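Some notes on the structure that comes next.
Below, read A as the first sequence line, B as the second, and so on, with proteins coming before strands; counting in each chain starts at 1. The shown structure was predicted, so the numbers you read here are calculated from the model rather than taken from an experiment.
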Protein chains: 2
Amino acid sequence: MGSAKTVGATAGRPRLSGSAGGSPRQEIIREATALFIAKGYAETTMSEIARSAGLRQSSVYYWFARKEHILQALLEENRGSLQVARALEPASEPAAARLYAVLHADAVQLCASPLDFYEFERVARSQPQNFGAFFEDYSELHRLASSIIQQGIDSGELRAVDPEAAATAALSLNEGLQRHYRQPLPGLRTYTADDVSTLSADTTLASLLRVPGKLPGVRTQAAALAAVNSPAES
Amino acid sequence: MGSAKTVGATAGRPRLSGSAGGSPRQEIIREATALFIAKGYAETTMSEIARSAGLRQSSVYYWFARKEHILQALLEENRGSLQVARALEPASEPAAARLYAVLHADAVQLCASPLDFYEFERVARSQPQNFGAFFEDYSELHRLASSIIQQGIDSGELRAVDPEAAATAALSLNEGLQRHYRQPLPGLRTYTADDVSTLSADTTLASLLRVPGKLPGVRTQAAALAAVNSPAES
DNA sequence: CCGCTGTTTCGATAAGCTATAGAAAGTCTC
DNA sequence: GAGACTTTCTATAGCTTATCGAAACAGCGG
(Lines give C-alpha, C1' and ligand atoms only; values in the text may rest on other atoms or scores of the structure.)
Protein backbone atom coordinates (compact mmCIF):
# COMPACT_ATOMS: atom_id res chain seq x y z
CA MET A 1 0.00 0.00 0.00
CA GLY A 2 1.48 3.31 -1.12
CA SER A 3 5.15 2.42 -1.31
CA ALA A 4 5.45 5.46 -3.53
CA LYS A 5 8.96 5.72 -4.79
CA THR A 6 9.67 9.26 -5.86
CA VAL A 7 8.96 8.22 -9.42
CA GLY A 8 8.47 10.98 -11.91
CA ALA A 9 4.93 10.30 -12.97
CA THR A 10 4.67 6.90 -14.64
CA ALA A 11 3.23 3.82 -13.00
CA GLY A 12 -0.17 2.37 -12.40
CA ARG A 13 -3.41 3.11 -14.10
CA PRO A 14 -3.57 6.64 -15.48
CA ARG A 15 -5.97 9.18 -14.05
CA LEU A 16 -9.08 10.25 -15.85
CA SER A 17 -8.07 13.85 -15.30
CA GLY A 18 -4.56 14.26 -16.69
CA SER A 19 -1.71 12.96 -14.59
CA ALA A 20 -0.48 14.80 -11.52
CA GLY A 21 2.62 16.89 -10.95
CA GLY A 22 4.50 15.70 -7.90
CA SER A 23 3.99 12.78 -5.57
CA PRO A 24 0.29 12.10 -5.02
CA ARG A 25 0.78 11.86 -1.27
CA GLN A 26 2.16 15.39 -1.02
CA GLU A 27 -0.41 16.63 -3.48
CA ILE A 28 -3.24 15.27 -1.34
CA ILE A 29 -1.77 16.76 1.82
CA ARG A 30 -1.39 20.11 0.15
CA GLU A 31 -4.93 20.24 -1.19
CA ALA A 32 -6.39 18.90 2.05
CA THR A 33 -4.55 21.54 4.04
CA ALA A 34 -6.02 24.29 1.92
CA LEU A 35 -9.49 22.88 2.37
CA PHE A 36 -9.05 22.41 6.12
CA ILE A 37 -8.00 26.02 6.44
CA ALA A 38 -10.97 27.20 4.44
CA LYS A 39 -13.69 24.98 5.89
CA GLY A 40 -12.31 23.06 8.85
CA TYR A 41 -11.62 19.36 9.12
CA ALA A 42 -15.07 17.98 9.85
CA GLU A 43 -16.73 19.97 7.07
CA THR A 44 -14.22 18.86 4.44
CA THR A 45 -15.17 15.62 2.66
CA MET A 46 -12.92 13.08 1.06
CA SER A 47 -14.72 13.74 -2.22
CA GLU A 48 -13.66 17.38 -2.13
CA ILE A 49 -10.09 16.48 -1.31
CA ALA A 50 -10.09 13.98 -4.16
CA ARG A 51 -11.54 16.46 -6.60
CA SER A 52 -8.96 19.09 -5.66
CA ALA A 53 -6.16 16.57 -6.09
CA GLY A 54 -7.53 15.34 -9.42
CA LEU A 55 -8.55 11.87 -8.23
CA ARG A 56 -11.71 9.92 -7.55
CA GLN A 57 -12.95 9.73 -4.00
CA SER A 58 -11.96 6.12 -3.43
CA SER A 59 -8.47 6.63 -4.87
CA VAL A 60 -7.49 8.83 -1.96
CA TYR A 61 -7.85 5.76 0.24
CA TYR A 62 -4.96 4.15 -1.57
CA TRP A 63 -2.67 6.78 -0.04
CA PHE A 64 -4.48 7.36 3.23
CA ALA A 65 -6.51 4.49 4.64
CA ARG A 66 -8.50 6.84 6.89
CA LYS A 67 -9.35 10.49 6.78
CA GLU A 68 -7.54 11.05 10.06
CA HIS A 69 -4.30 9.81 8.53
CA ILE A 70 -4.20 12.91 6.35
CA LEU A 71 -4.44 15.01 9.47
CA GLN A 72 -1.74 12.95 11.09
CA ALA A 73 0.64 13.43 8.19
CA LEU A 74 -0.15 17.12 8.27
CA LEU A 75 0.68 17.26 11.96
CA GLU A 76 4.05 15.67 11.50
CA GLU A 77 5.05 18.42 9.12
CA ASN A 78 4.11 21.12 11.60
CA ARG A 79 6.21 20.79 14.71
CA GLY A 80 8.15 23.74 16.05
CA SER A 81 7.00 25.50 19.21
CA LEU A 82 8.31 22.69 21.38
CA GLN A 83 11.80 23.42 20.14
CA VAL A 84 11.67 26.89 21.63
CA ALA A 85 10.58 25.48 24.97
CA ARG A 86 13.24 22.77 24.90
CA ALA A 87 15.92 25.31 24.15
CA LEU A 88 14.83 27.84 26.73
CA GLU A 89 13.90 25.66 29.70
CA PRO A 90 17.51 24.99 30.73
CA ALA A 91 18.80 28.43 29.71
CA SER A 92 20.19 30.91 32.16
CA GLU A 93 18.30 34.04 31.19
CA PRO A 94 15.59 35.32 33.57
CA ALA A 95 12.71 32.87 33.83
CA ALA A 96 10.07 35.51 33.16
CA ALA A 97 11.54 36.36 29.78
CA ARG A 98 11.93 32.71 28.85
CA LEU A 99 8.33 31.99 29.83
CA TYR A 100 7.11 34.93 27.78
CA ALA A 101 9.09 33.76 24.75
CA VAL A 102 7.74 30.20 25.01
CA LEU A 103 4.13 31.29 25.42
CA HIS A 104 4.34 33.80 22.61
CA ALA A 105 5.90 31.26 20.25
CA ASP A 106 3.24 28.71 21.15
CA ALA A 107 0.44 31.18 20.50
CA VAL A 108 1.93 32.17 17.16
CA GLN A 109 2.13 28.56 16.15
CA LEU A 110 -1.46 27.86 17.19
CA CYS A 111 -2.60 30.76 15.02
CA ALA A 112 -0.47 29.71 12.08
CA SER A 113 -1.52 26.07 12.20
CA PRO A 114 -3.86 25.05 9.41
CA LEU A 115 -6.27 23.58 11.90
CA ASP A 116 -8.03 24.88 14.94
CA PHE A 117 -6.42 23.45 18.06
CA TYR A 118 -9.69 22.09 19.38
CA GLU A 119 -10.53 20.37 16.13
CA PHE A 120 -7.13 18.77 16.26
CA GLU A 121 -7.69 17.67 19.81
CA ARG A 122 -11.08 16.25 18.99
CA VAL A 123 -9.67 14.02 16.27
CA ALA A 124 -6.65 13.09 18.38
CA ARG A 125 -8.92 12.01 21.18
CA SER A 126 -10.97 9.80 18.89
CA GLN A 127 -7.83 8.04 17.64
CA PRO A 128 -5.48 8.00 20.62
CA GLN A 129 -3.35 5.20 19.21
CA ASN A 130 -2.51 7.21 16.10
CA PHE A 131 -2.12 10.58 17.76
CA GLY A 132 0.02 9.65 20.71
CA ALA A 133 2.59 12.18 19.57
CA PHE A 134 0.04 14.95 19.95
CA PHE A 135 -0.52 14.22 23.61
CA GLU A 136 3.14 13.60 24.29
CA ASP A 137 4.06 16.93 22.77
CA TYR A 138 1.39 18.71 24.74
CA SER A 139 2.41 17.07 27.97
CA GLU A 140 6.07 17.90 27.37
CA LEU A 141 5.24 21.52 26.63
CA HIS A 142 3.24 21.67 29.82
CA ARG A 143 6.08 20.16 31.79
CA LEU A 144 8.62 22.61 30.38
CA ALA A 145 6.37 25.57 31.06
CA SER A 146 5.80 24.37 34.63
CA SER A 147 9.52 24.07 35.13
CA ILE A 148 10.22 27.57 33.91
CA ILE A 149 7.52 28.92 36.20
CA GLN A 150 9.05 27.03 39.12
CA GLN A 151 12.42 28.55 38.32
CA GLY A 152 10.84 31.98 38.26
CA ILE A 153 9.27 31.39 41.65
CA ASP A 154 12.58 30.21 43.09
CA SER A 155 14.40 33.25 41.76
CA GLY A 156 11.73 35.57 43.14
CA GLU A 157 10.67 36.91 39.73
CA LEU A 158 7.23 35.30 39.92
CA ARG A 159 4.61 35.04 42.62
CA ALA A 160 4.45 31.80 44.60
CA VAL A 161 1.64 30.08 42.68
CA ASP A 162 1.11 26.41 41.85
CA PRO A 163 3.36 25.97 38.79
CA GLU A 164 1.32 23.19 37.22
CA ALA A 165 -1.95 25.06 37.51
CA ALA A 166 -0.34 28.23 36.23
CA ALA A 167 1.04 26.38 33.22
CA THR A 168 -2.37 24.89 32.51
CA ALA A 169 -3.94 28.33 32.69
CA ALA A 170 -1.27 29.82 30.44
CA LEU A 171 -1.69 27.17 27.74
CA SER A 172 -5.47 27.33 28.05
CA LEU A 173 -5.35 31.04 27.43
CA ASN A 174 -3.27 30.47 24.31
CA GLU A 175 -5.75 27.90 23.08
CA GLY A 176 -8.79 29.98 23.92
CA LEU A 177 -7.39 33.07 22.26
CA GLN A 178 -6.29 31.37 19.05
CA ARG A 179 -9.97 30.72 18.48
CA HIS A 180 -10.71 34.44 18.55
CA TYR A 181 -8.02 35.01 15.98
CA ARG A 182 -9.16 32.14 13.80
CA GLN A 183 -12.92 32.61 13.99
CA PRO A 184 -13.82 36.08 15.19
CA LEU A 185 -17.17 36.09 16.92
CA PRO A 186 -19.70 38.44 15.34
CA GLY A 187 -19.76 41.82 16.99
CA LEU A 188 -16.34 41.49 18.55
CA ARG A 189 -13.12 43.08 17.47
CA THR A 190 -10.86 41.01 15.25
CA TYR A 191 -7.26 40.34 16.19
CA THR A 192 -4.14 39.52 14.24
CA ALA A 193 -2.02 36.53 15.14
CA ASP A 194 0.50 38.80 16.78
CA ASP A 195 -2.24 40.65 18.67
CA VAL A 196 -3.51 37.52 20.35
CA SER A 197 -0.02 36.13 20.97
CA THR A 198 1.10 39.30 22.67
CA LEU A 199 -2.18 39.63 24.54
CA SER A 200 -1.90 36.08 25.80
CA ALA A 201 1.72 36.25 26.91
CA ASP A 202 1.18 39.70 28.43
CA THR A 203 -1.82 38.53 30.41
CA THR A 204 -0.11 35.43 31.76
CA LEU A 205 3.06 37.26 32.72
CA ALA A 206 1.11 40.10 34.29
CA SER A 207 -0.69 37.53 36.42
CA LEU A 208 2.56 35.89 37.50
CA LEU A 209 5.10 38.68 37.86
CA ARG A 210 5.78 39.73 41.41
CA VAL A 211 6.35 43.26 40.12
CA PRO A 212 3.88 43.86 37.26
CA GLY A 213 5.72 46.99 36.24
CA LYS A 214 8.51 44.85 34.86
CA LEU A 215 6.30 43.54 32.07
CA PRO A 216 7.61 45.86 29.32
CA GLY A 217 11.19 44.87 30.12
CA VAL A 218 10.30 41.19 30.10
CA ARG A 219 8.64 41.60 26.74
CA THR A 220 11.76 43.18 25.29
CA GLN A 221 14.02 40.46 26.70
CA ALA A 222 11.70 37.80 25.33
CA ALA A 223 11.81 39.27 21.85
CA ALA A 224 15.60 39.03 21.92
CA LEU A 225 15.42 35.43 23.12
CA ALA A 226 12.94 34.50 20.43
CA ALA A 227 15.17 35.97 17.75
CA VAL A 228 17.99 33.66 18.78
CA ASN A 229 15.97 30.51 19.52
CA SER A 230 13.44 30.62 16.71
CA PRO A 231 12.78 27.16 15.26
CA ALA A 232 13.63 28.44 11.79
CA GLU A 233 17.36 28.24 12.43
CA SER A 234 17.53 24.86 14.13
CA MET B 1 -45.96 20.36 13.75
CA GLY B 2 -45.65 19.73 17.46
CA SER B 3 -48.29 22.02 18.87
CA ALA B 4 -48.13 19.78 21.91
CA LYS B 5 -50.63 20.86 24.49
CA THR B 6 -49.57 19.56 27.87
CA VAL B 7 -51.87 16.59 27.32
CA GLY B 8 -51.51 13.76 29.75
CA ALA B 9 -50.57 10.98 27.38
CA THR B 10 -53.35 10.30 24.93
CA ALA B 11 -53.34 11.38 21.30
CA GLY B 12 -51.92 10.18 18.05
CA ARG B 13 -50.72 6.79 17.03
CA PRO B 14 -49.42 4.78 19.99
CA ARG B 15 -45.76 3.90 20.26
CA LEU B 16 -44.47 0.43 19.62
CA SER B 17 -42.67 0.58 22.95
CA GLY B 18 -45.24 1.44 25.62
CA SER B 19 -46.31 5.05 25.85
CA ALA B 20 -44.12 7.68 27.44
CA GLY B 21 -44.35 9.41 30.80
CA GLY B 22 -44.29 13.16 30.38
CA SER B 23 -44.35 15.38 27.32
CA PRO B 24 -42.32 13.86 24.47
CA ARG B 25 -40.54 17.13 23.84
CA GLN B 26 -39.15 17.29 27.37
CA GLU B 27 -38.41 13.61 27.32
CA ILE B 28 -36.32 13.98 24.17
CA ILE B 29 -34.46 16.96 25.57
CA ARG B 30 -33.72 15.08 28.76
CA GLU B 31 -32.41 11.95 27.05
CA ALA B 32 -30.47 13.96 24.49
CA THR B 33 -28.84 15.98 27.25
CA ALA B 34 -27.65 12.84 28.98
CA LEU B 35 -26.23 11.52 25.73
CA PHE B 36 -24.56 14.83 24.87
CA ILE B 37 -22.88 14.86 28.27
CA ALA B 38 -21.69 11.30 27.86
CA LYS B 39 -20.57 11.38 24.22
CA GLY B 40 -20.70 14.94 22.94
CA TYR B 41 -23.06 16.40 20.37
CA ALA B 42 -21.46 15.29 17.12
CA GLU B 43 -21.02 11.71 18.29
CA THR B 44 -24.63 11.34 19.40
CA THR B 45 -26.99 10.16 16.66
CA MET B 46 -30.69 10.78 16.29
CA SER B 47 -31.20 7.02 16.42
CA GLU B 48 -29.66 6.85 19.88
CA ILE B 49 -31.74 9.77 21.09
CA ALA B 50 -34.84 8.13 19.69
CA ARG B 51 -34.04 4.80 21.27
CA SER B 52 -33.43 6.41 24.67
CA ALA B 53 -36.71 8.27 24.42
CA GLY B 54 -38.62 5.17 23.30
CA LEU B 55 -39.32 6.32 19.76
CA ARG B 56 -38.26 5.48 16.23
CA GLN B 57 -35.54 7.60 14.67
CA SER B 58 -37.80 9.51 12.31
CA SER B 59 -40.37 10.24 15.01
CA VAL B 60 -37.97 12.56 16.75
CA TYR B 61 -38.22 14.79 13.69
CA TYR B 62 -41.86 15.41 14.47
CA TRP B 63 -40.75 17.31 17.59
CA PHE B 64 -37.44 18.70 16.32
CA ALA B 65 -37.14 19.27 12.60
CA ARG B 66 -33.32 19.34 12.83
CA LYS B 67 -30.82 17.92 15.19
CA GLU B 68 -29.57 21.39 16.06
CA HIS B 69 -33.05 22.35 17.28
CA ILE B 70 -32.61 19.98 20.21
CA LEU B 71 -29.43 21.79 21.10
CA GLN B 72 -31.20 25.11 20.71
CA ALA B 73 -33.98 24.10 23.08
CA LEU B 74 -31.37 22.86 25.50
CA LEU B 75 -29.59 26.20 25.33
CA GLU B 76 -32.72 28.14 26.16
CA GLU B 77 -33.10 26.23 29.39
CA ASN B 78 -29.56 26.99 30.42
CA ARG B 79 -29.16 30.74 30.76
CA GLY B 80 -27.89 32.23 33.96
CA SER B 81 -24.37 33.63 34.02
CA LEU B 82 -25.52 36.68 32.10
CA GLN B 83 -27.87 37.51 34.96
CA VAL B 84 -24.94 37.84 37.33
CA ALA B 85 -23.18 40.17 34.93
CA ARG B 86 -26.31 42.25 34.34
CA ALA B 87 -26.88 42.60 38.05
CA LEU B 88 -23.30 43.46 38.93
CA GLU B 89 -22.28 45.75 36.07
CA PRO B 90 -24.16 48.77 37.45
CA ALA B 91 -23.53 47.92 41.11
CA SER B 92 -21.51 50.13 43.40
CA GLU B 93 -19.18 47.57 44.96
CA PRO B 94 -15.49 47.61 43.95
CA ALA B 95 -15.07 46.71 40.28
CA ALA B 96 -12.42 44.09 40.97
CA ALA B 97 -14.75 42.06 43.17
CA ARG B 98 -17.59 42.37 40.67
CA LEU B 99 -15.35 41.26 37.82
CA TYR B 100 -14.16 38.30 39.84
CA ALA B 101 -17.72 37.28 40.65
CA VAL B 102 -18.82 37.52 37.01
CA LEU B 103 -15.86 35.54 35.69
CA HIS B 104 -16.18 32.89 38.35
CA ALA B 105 -19.90 32.48 37.71
CA ASP B 106 -19.28 32.23 33.98
CA ALA B 107 -16.63 29.57 34.43
CA VAL B 108 -18.86 27.56 36.74
CA GLN B 109 -21.63 27.69 34.19
CA LEU B 110 -19.33 26.63 31.36
CA CYS B 111 -18.28 23.62 33.41
CA ALA B 112 -21.83 22.75 34.42
CA SER B 113 -23.21 23.06 30.90
CA PRO B 114 -24.07 19.75 29.28
CA LEU B 115 -22.08 20.68 26.23
CA ASP B 116 -18.54 21.77 25.63
CA PHE B 117 -18.47 25.48 24.82
CA TYR B 118 -16.60 24.95 21.60
CA GLU B 119 -18.99 22.29 20.39
CA PHE B 120 -21.79 24.72 21.08
CA GLU B 121 -20.02 27.43 19.19
CA ARG B 122 -19.36 25.15 16.26
CA VAL B 123 -23.04 24.34 15.86
CA ALA B 124 -24.07 27.93 16.46
CA ARG B 125 -21.74 29.07 13.71
CA SER B 126 -23.16 26.57 11.25
CA GLN B 127 -26.69 27.79 11.92
CA PRO B 128 -26.34 31.51 12.65
CA GLN B 129 -30.01 32.24 11.97
CA ASN B 130 -31.14 29.83 14.67
CA PHE B 131 -28.48 30.60 17.22
CA GLY B 132 -28.53 34.36 17.12
CA ALA B 133 -29.23 34.35 20.85
CA PHE B 134 -25.96 32.57 21.49
CA PHE B 135 -23.91 35.30 19.85
CA GLU B 136 -26.00 38.06 21.34
CA ASP B 137 -25.53 36.64 24.82
CA TYR B 138 -21.82 36.27 24.30
CA SER B 139 -21.48 39.76 22.96
CA GLU B 140 -23.49 41.20 25.86
CA LEU B 141 -21.37 39.33 28.39
CA HIS B 142 -18.26 40.67 26.71
CA ARG B 143 -19.64 44.18 26.79
CA LEU B 144 -20.55 43.97 30.47
CA ALA B 145 -17.15 42.55 31.38
CA SER B 146 -15.42 45.32 29.40
CA SER B 147 -17.48 47.89 31.21
CA ILE B 148 -16.60 46.55 34.65
CA ILE B 149 -12.93 46.52 33.68
CA GLN B 150 -13.20 50.12 32.51
CA GLN B 151 -14.77 51.05 35.84
CA GLY B 152 -11.92 49.34 37.63
CA ILE B 153 -9.37 51.28 35.61
CA ASP B 154 -11.14 54.55 36.31
CA SER B 155 -11.22 53.85 40.03
CA GLY B 156 -7.56 52.89 40.05
CA GLU B 157 -8.15 49.30 41.15
CA LEU B 158 -6.97 47.88 37.84
CA ARG B 159 -4.01 48.57 35.60
CA ALA B 160 -4.61 50.77 32.55
CA VAL B 161 -5.08 48.04 29.93
CA ASP B 162 -7.34 47.91 26.89
CA PRO B 163 -10.68 46.86 28.43
CA GLU B 164 -12.00 45.07 25.35
CA ALA B 165 -8.87 43.01 24.87
CA ALA B 166 -8.73 42.21 28.56
CA ALA B 167 -12.35 41.04 28.50
CA THR B 168 -11.63 38.86 25.48
CA ALA B 169 -8.66 37.33 27.24
CA ALA B 170 -10.65 36.74 30.42
CA LEU B 171 -13.48 34.97 28.61
CA SER B 172 -11.02 33.02 26.46
CA LEU B 173 -9.33 31.77 29.59
CA ASN B 174 -12.67 30.62 30.96
CA GLU B 175 -13.42 28.80 27.74
CA GLY B 176 -9.99 27.26 27.45
CA LEU B 177 -9.99 26.06 31.03
CA GLN B 178 -13.47 24.53 30.96
CA ARG B 179 -12.03 22.15 28.41
CA HIS B 180 -9.43 20.94 30.91
CA TYR B 181 -12.15 20.32 33.42
CA ARG B 182 -14.39 18.58 30.94
CA GLN B 183 -11.85 16.48 29.08
CA PRO B 184 -8.64 16.13 31.05
CA LEU B 185 -5.68 15.59 28.78
CA PRO B 186 -3.80 12.36 29.45
CA GLY B 187 -0.88 12.87 31.78
CA LEU B 188 -2.13 16.15 33.19
CA ARG B 189 -3.72 16.77 36.53
CA THR B 190 -7.53 16.77 36.66
CA TYR B 191 -9.43 19.71 38.05
CA THR B 192 -12.85 20.14 39.60
CA ALA B 193 -15.25 22.72 38.27
CA ASP B 194 -14.47 24.95 41.23
CA ASP B 195 -10.74 24.48 40.73
CA VAL B 196 -10.82 25.78 37.19
CA SER B 197 -13.28 28.56 37.98
CA THR B 198 -11.12 29.84 40.81
CA LEU B 199 -7.95 29.38 38.80
CA SER B 200 -9.41 31.32 35.90
CA ALA B 201 -10.76 34.22 37.93
CA ASP B 202 -7.61 34.34 40.05
CA THR B 203 -5.40 34.47 36.98
CA THR B 204 -7.36 37.19 35.26
CA LEU B 205 -7.62 39.35 38.36
CA ALA B 206 -3.94 38.85 39.16
CA SER B 207 -3.12 40.08 35.68
CA LEU B 208 -5.31 43.16 36.05
CA LEU B 209 -4.99 44.27 39.66
CA ARG B 210 -2.74 47.23 40.20
CA VAL B 211 -1.80 45.74 43.59
CA PRO B 212 -1.67 41.93 43.18
CA GLY B 213 -1.56 41.49 46.93
CA LYS B 214 -5.20 42.46 47.11
CA LEU B 215 -6.29 39.28 45.32
CA PRO B 216 -7.33 37.35 48.47
CA GLY B 217 -9.50 40.23 49.60
CA VAL B 218 -11.10 40.55 46.17
CA ARG B 219 -11.85 36.84 46.20
CA THR B 220 -13.62 37.12 49.53
CA GLN B 221 -15.65 40.12 48.42
CA ALA B 222 -16.61 38.33 45.23
CA ALA B 223 -17.87 35.31 47.13
CA ALA B 224 -20.16 37.57 49.14
CA LEU B 225 -21.41 39.23 45.95
CA ALA B 226 -22.06 35.89 44.30
CA ALA B 227 -24.07 34.70 47.27
CA VAL B 228 -26.42 37.67 46.89
CA ASN B 229 -26.62 37.79 43.09
CA SER B 230 -26.68 34.11 42.24
CA PRO B 231 -29.12 33.36 39.42
CA ALA B 232 -30.86 30.79 41.61
CA GLU B 233 -32.82 33.43 43.47
CA SER B 234 -33.87 35.66 40.61
C1' DC C 1 6.53 -9.60 -29.28
C1' DC C 2 4.10 -11.53 -25.17
C1' DG C 3 2.78 -12.72 -20.88
C1' DC C 4 3.93 -11.84 -15.78
C1' DT C 5 4.32 -8.89 -11.79
C1' DG C 6 3.79 -4.66 -9.35
C1' DT C 7 1.63 -0.07 -8.97
C1' DT C 8 -1.99 3.11 -9.15
C1' DT C 9 -6.69 4.38 -10.36
C1' DC C 10 -11.34 3.35 -11.16
C1' DG C 11 -16.39 1.87 -10.53
C1' DA C 12 -19.56 -0.35 -7.61
C1' DT C 13 -21.15 -0.86 -3.28
C1' DA C 14 -21.82 -1.51 1.92
C1' DA C 15 -23.12 0.61 6.20
C1' DG C 16 -24.19 4.62 8.79
C1' DC C 17 -25.86 9.31 9.05
C1' DT C 18 -29.62 13.33 8.67
C1' DA C 19 -33.86 14.41 6.90
C1' DT C 20 -38.38 13.89 4.15
C1' DA C 21 -42.86 11.81 2.54
C1' DG C 22 -46.83 9.53 3.12
C1' DA C 23 -49.43 5.94 5.27
C1' DA C 24 -51.25 4.23 9.69
C1' DA C 25 -53.27 4.29 14.27
C1' DG C 26 -55.00 6.25 17.68
C1' DT C 27 -58.11 10.31 20.30
C1' DC C 28 -61.47 14.00 20.13
C1' DT C 29 -65.59 16.60 18.49
C1' DC C 30 -69.99 16.77 16.81
C1' DG D 1 -70.37 6.83 13.95
C1' DA D 2 -67.94 10.27 10.41
C1' DG D 3 -64.44 13.32 9.91
C1' DA D 4 -60.58 16.10 11.68
C1' DC D 5 -56.51 16.30 14.34
C1' DT D 6 -52.35 14.43 16.52
C1' DT D 7 -48.63 11.47 16.83
C1' DT D 8 -45.98 7.50 15.33
C1' DC D 9 -44.69 4.43 12.02
C1' DT D 10 -42.31 2.46 7.56
C1' DA D 11 -39.79 3.42 3.58
C1' DT D 12 -36.57 5.91 1.27
C1' DA D 13 -33.55 9.69 -0.69
C1' DG D 14 -29.06 11.61 -0.50
C1' DC D 15 -25.02 12.32 1.89
C1' DT D 16 -20.90 10.50 4.27
C1' DT D 17 -16.58 7.21 5.22
C1' DA D 18 -14.54 3.11 3.86
C1' DT D 19 -13.88 -1.59 1.31
C1' DC D 20 -13.46 -4.70 -2.71
C1' DG D 21 -12.21 -6.33 -6.95
C1' DA D 22 -11.44 -5.19 -11.61
C1' DA D 23 -8.98 -2.27 -14.93
C1' DA D 24 -5.06 0.17 -16.97
C1' DC D 25 -0.67 1.23 -17.18
C1' DA D 26 5.08 0.38 -16.69
C1' DG D 27 8.89 -2.68 -16.62
C1' DC D 28 10.92 -7.07 -17.06
C1' DG D 29 12.20 -11.94 -18.60
C1' DG D 30 11.69 -15.08 -22.07
Margin query: B:Y118 vs A:Y118, test: side-chain hydrogen bond (donor to acceptor under 3.5 Å, both in side chains). Steps then yes/no.
Written below: CA-CA 8 Å; B:Y118 293 110; A:Y118 293 110; 3.1 Å; yes
Check: Which sits closer to the 5' end of DNA chain D, B:P14 or B:Q57, going by the nucleotide each is nearest to?
Finding: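 This one resolves to B:P14.
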Checklist line | Pairwise 5' ranking along DNA chain D for A:G12 and B:R56, keeping only the more 5' one | finding: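 Its nucleotide being nearer the 5' end, the pick is B:R56.
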For atom [atom1] of [X] and atom [atom2] of [N], their distance in whole Å:
X     : N      : atom1 : atom2 : result
A:F64 : C:dT8  : CZ    : P     : 13 Å
B:R13 : C:dC28 : CZ    : C1'   : 19 Å
B:H69 : C:dT20 : NE2   : C1'   : 14 Å
B:E27 : D:dT7  : CD    : P     : 15 Å
A:W63 : D:dA18 : CH2   : C1'   : 18 Å
B:I70 : C:dT18 : CD1   : P     : 10 Å
B:R25 : D:dT6  : CZ    : C1'   : 16 Å
A:Y41 : D:dT16 : OH    : P     : 14 Å

Note to self: Angle between the end axes of the helix from C:dC1-D:dG30 to C:dC30-D:dG1, five pairs per end, to the nearest 10 degrees?
What the structure shows: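 Answer for the end axes of this duplex: 30°.
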Notebook entry, point to check: D:dT7 base to B:S59 side chain: any donor-acceptor pair below 3.5 Å?
Noted result: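 Check fails, no donor-acceptor contact within cut-off.
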Counting just side-chain N and O atoms, does [X] come under 4.0 Å of either OP1 or OP2 of [N]?
X     : N      : value
B:R15 : D:dT8  : yes
B:Y62 : D:dT7  : yes
A:R66 : D:dT19 : yes

Closer than 4.0 angstrom, basic N to acidic O: yes or no for [X] and [Y]?
X      : Y      : answer
B:D162 : A:R189 : yes
A:R143 : A:E164 : no
A:R182 : A:E119 : no

Could you work out which one of [options] sits closest to the side chain of [X]?
X     : options               : result
B:S58 : D:dT7, C:dT7, D:dC9   : D:dC9
A:A11 : C:dC10, D:dT17, C:dT7 : C:dT7
B:L16 : D:dC9, D:dA18, C:dC10 : D:dC9
B:K67 : C:dA19, C:dT8, D:dT6  : C:dA19

Checklist line | CG on A:D202 to OG on A:S207, rounded to 0.5 Å | finding: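 It comes to 11.0 Å.
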Checklist line | Rounded distance (nearest 0.5 Å) linking atom CG of A:L55 with atom CD of A:E27 | finding: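 A:L55 atom CG to A:E27 atom CD measures 8.5 Å (nearest 0.5 Å).
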Note to self: Taking the ring centre of each residue, are B:F36 and B:Y41 less than 6.0 Å apart?
What the structure shows: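 Yes, they do, as the ring centres are separated by less than 6.0 Å.
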Margin query: For a quick check of understanding: with a heavy-atom distance under 4.0 Å over all strands, which category does B:T45 fall into, base, sugar-phosphate or nothing?
Written below: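 Sugar-phosphate, backbone atoms only, no base.
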Next item on the list: Verify whether one side chain among A:S147 and A:E89 offers a donor that lies under 3.5 Å from an acceptor in the other.
Entry: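 A donor-acceptor contact under 3.5 Å links the two side chains.
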